[in-house]
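Quick caveat: nothing in here was measured; it's all calculated off a predicted structure.
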Amino acid sequence: MAYSADNAFATRHWALAHAKNATLGPKGVLMGILNVTPDSFSDGGQLTTTGAVVARAGKMVEAGAQILDIGGESTRPGGEPVDAATEQERVLPAIASVRDALPDVVLSVDTYRASTAAKAIEAGAHIVNDVWGLQREADIARVAADTGAGLCIMHTGREREKLTDVIGDQLAFFETSLAIAGKAGVRDEQIVLDPGFGFAKDAGENYALMARFEALHALGFPILVGTSRKRFLGHVTGREAADRDVATAATTALLRAAGASVFRVHDVAINHDALAVADAMIAARRPA
């Protein structure tokens, strides 16, 4: 179902595992990043115990995060891959601990592995966030279909030939991914798309994607964005990764105005304020 950026603010319910759902549309939703990795590009090695994970999770929820995304393998350029067992040793205790401490929060697992996704959902995760868009392990779509988990399908330009036009490449990539999801039996209401800012995209491509963002609504699904602290923000600000939260908040406000629904961020508080301003403007321009 094609729709305009304005229609993107209408209420939709994102169907999740364990009989949960998330309301998308009228207000932007924050997804806090919890990396239980030693080498993520801006926060690796900070969360080395379940106690530290739970403490950070609590602070993020206090600051306004409705979803927490837990990942056990760095997806930064040049990051060292890990095997499934290592990934699971990192994420499964973190998911279970946050689930027990914060039973009302929605949990996402950042993985492209079907085996990790299945075990993470069993441990309490509600969403599978696949940075390879179902095109590394297609069986991850079956896991989502069987469990009813929310599924975030991300675009990537890694390990393939991209089309020259940034929107054309998005549409072609997602056509393949959505066909995989449909064949596995994933329902449309389980799906959110992510255009994959920073994943095999140079600064010009990232800003072109921002400038033409509303074209992605033709796909007919809510959109998650993950611009937080990415290199293309440093390209224009000159700041290192840890100092890019203000620039991130600027993209949050701009992309919210363009119809994005979910925002995956490191600093929840500053992006909460950016969304509050953007949502107030959106409410003012929409008919009562």
ask   = Going only through I, L, V, M, F, W and Y residues with side-chain contacts under 4.5 Å, is there a path from Ile180 to Leu151?
value = yes
request  = For residues Val166 and Met210, determine if any side-chain heavy atom of one lies less than 4.5 Å from a side-chain heavy atom of the other.
outcome  = no
key: Smallest separation among heavy atoms of Val186 and Ala141, with atom names   = CG2-O, 3.3 Å
Euclidean distance, Leu68 CG relative to Arg99 CZ, rounded to 0.5 Å = 14.0 Å
Nearest heavy-atom neighbours spanning Ala8 and Gly259 = CB-O, 3.7 Å
task = Looking only at non-hydrogen atoms, find the nearest pair between Ala125 and Ile95 and report the distance.
result = N-CG2, 3.7 Å
key: Whether Thr237 side chain and Leu233 backbone form a donor-acceptor pair below 3.5 Å   = yes
inquiry  = If you apply the rule side chain to side chain contact (heavy atoms under 4.5 Å, CB included), what do you find for Ile270 with Val246, and how did you get there?
reply    = CA-CA 7 Å; Ile270 193 170; Val246 173; 3.8 Å; yes
ask   = Between Arg264 and Asp69, does at least one N-O distance fall below 4.0 Å, as a salt bridge requires?
value = yes
message = Side chains of Thr248 and Asp245: any donor to acceptor distance under 3.5 Å?
response = no
query = More than 12 foreign heavy atoms under 6.0 Å from CZ of Arg136: is that the case here?
reply = yes
query = Mind checking whether Asp130 and Thr111 have side chains closer than 4.5 Å, heavy atoms only?
reply = no
query = Just wondering, more than 12 heavy atoms not from Lys27 lying within 6.0 Å of its NZ?
reply = no
query = Hey, are the side chains of Val265 and Met31 touching, using non-hydrogen atoms and a 4.5 Å cut-off?
reply = no
message = Determine whether Asp146 and Arg142 satisfy the following criterion, side chain to side chain contact (heavy atoms under 4.5 Å, CB included), listing intermediate values before the conclusion.
response = CA-CA 6 Å; Asp146 289 349; Arg142 180 195 56 77; 2.8 Å; yes
ask   = To the nearest 0.5 Å, how far apart are OG1 in Thr116 and CD1 in Ile140?
value = 8.0 Å
request  = Step by step, work out the side chain to side chain contact (heavy atoms under 4.5 Å, CB included) result for Leu255 and Phe213.
outcome  = CA-CA 8 Å; Leu255 292 170; Phe213 187 84; 3.7 Å; yes
key: Validation row: Asn7, His217 side chains within 4.5 angstrom (heavy atoms)   = no
message = Can a donor-acceptor pair be found, under 3.5 Å and without considering hydrogens, that links the side chain of Asn206 to the backbone of Gly198?
response = yes
request  = Look only at the side chain of His18 and the backbone of Ile121, and say whether a donor-acceptor pair between them is shorter than 3.5 Å.
outcome  = yes
request  = Identify the two heavy atoms, one from Arg256 and one from Ala278, that lie closest to each other, and give their separation to 0.1 Å.
outcome  = CG-CB, 3.8 Å
inquiry  = Between Val36 and Val53, is there a side-chain heavy-atom distance shorter than 4.5 Å?
reply    = yes
inquiry  = Between His126 (side chain only) and Leu107 (backbone N and O only), is there a donor and an acceptor less than 3.5 Å apart?
reply    = yes
inquiry  = Within the 3.5 Å criterion, strictly below it, is a donor on Ser177 or Gln135 matched to an acceptor on the partner's side chain?
reply    = yes
query = How far does CZ of Phe173 sit from CD1 of Ile153, to the nearest 0.5 angstrom?
reply = 9.0 Å
task = Please check if the side chain of Gln190 supplies one atom and the backbone of Ala149 the other of a donor-acceptor pair under 3.5 Å.
result = yes
inquiry  = Looking at every heavy atom in both Met154 and Phe174, which two are closest together, and how far apart are they?
reply    = C-CE2, 4.2 Å
message = Are Ile191 and Ile223 linked, directly or through intermediate hydrophobic residues, by side-chain heavy-atom contacts shorter than 4.5 Å (ILVMFWY only)?
response = yes
inquiry  = Under a 4.0 Å threshold between the charged nitrogen and the carboxylate oxygen, would Arg90 count as salt-bridged to Glu73?
reply    = no
request  = Assign the ring pair Phe232 / Tyr207 to parallel, tilted or perpendicular, where the plane angle (0 to 90°) is split at 30° and 60°.
outcome  = perpendicular
query = If we ignore angles and hydrogens, is there a donor and acceptor under 3.5 Å between the side chains of His235 and Asp202?
reply = no
inquiry  = Cys152 vs Asp194, test: side chain to side chain contact (heavy atoms under 4.5 Å, CB included). Steps then yes/no.
reply    = CA-CA 7 Å; Cys152 181; Asp194 177 351; 3.8 Å; yes
ask   = Can you find a side-chain donor-acceptor pair between His155 and Lys162 that sits under 3.5 Å?
value = no
key: Residue from Val106, Leu224, Val61, Val105 passing side chain to side chain contact (heavy atoms under 4.5 Å, CB included) with Ile67   = Val106
query = Without hydrogens or angle criteria, can the side chains of Asn129 and Ser108 be said to hold a donor-acceptor pair below 3.5 Å?
reply = no
query = For Thr37, does its backbone N or O pair with a side-chain atom of Asn35 as donor and acceptor, under 3.5 Å?
reply = no
key: N/O donor-acceptor pair under 3.5 Å between Gln170 side chain and Pro195 backbone   = yes
query = Do the charged groups of Asp139 and Arg113 touch, with an N to O distance under 4.0 Å?
reply = no
query = Can we say Arg244 and Asp267 salt-bridge, meaning some charged N sits less than 4.0 Å from an Asp/Glu carboxylate O?
reply = no
Test item: Lys230 side-chain N/O and Ser228 main-chain N/O as donor-acceptor pair under 3.5 Å = no
Check: Glu137 side chain, Ala114 main-chain N or O, donor-acceptor pair, under 3.5 Å = yes
ask   = Atom CD in Gln66, atom CE in Met60: separation rounded to 0.5 Å?
value = 14.0 Å
key: Same cluster (ILVMFWY, side-chain, under 4.5 Å), Leu16 and Val262   = yes
message = If I take atom OG1 from residue Thr227 and atom CG from residue Leu254, how far apart are they, to the nearest 0.5 angstrom?
response = 9.5 Å
message = Within this structure, what is the CG-OG1 distance for the pair Asp169 and Thr164, rounded to the nearest 0.5 Å?
response = 9.0 Å
key: Single-linkage hydrophobic cluster, 4.5 Å side-chain cutoff, Trp14 and Leu134 together   = no
ask   = Would a hydrophobic clustering, with Ile, Leu, Val, Met, Phe, Trp and Tyr connected at side-chain separations under 4.5 Å, put Phe263 with Ile127?
value = no
inquiry  = Looking at Ala85, is its backbone amide N or carbonyl O close enough to the side chain of Gln88 to form a donor-acceptor pair, meaning the two atoms are under 3.5 Å apart?
reply    = no
remark   = Ile70 and Ala94 have their tightest heavy-atom pair at CG2-CB, 4.0 Å
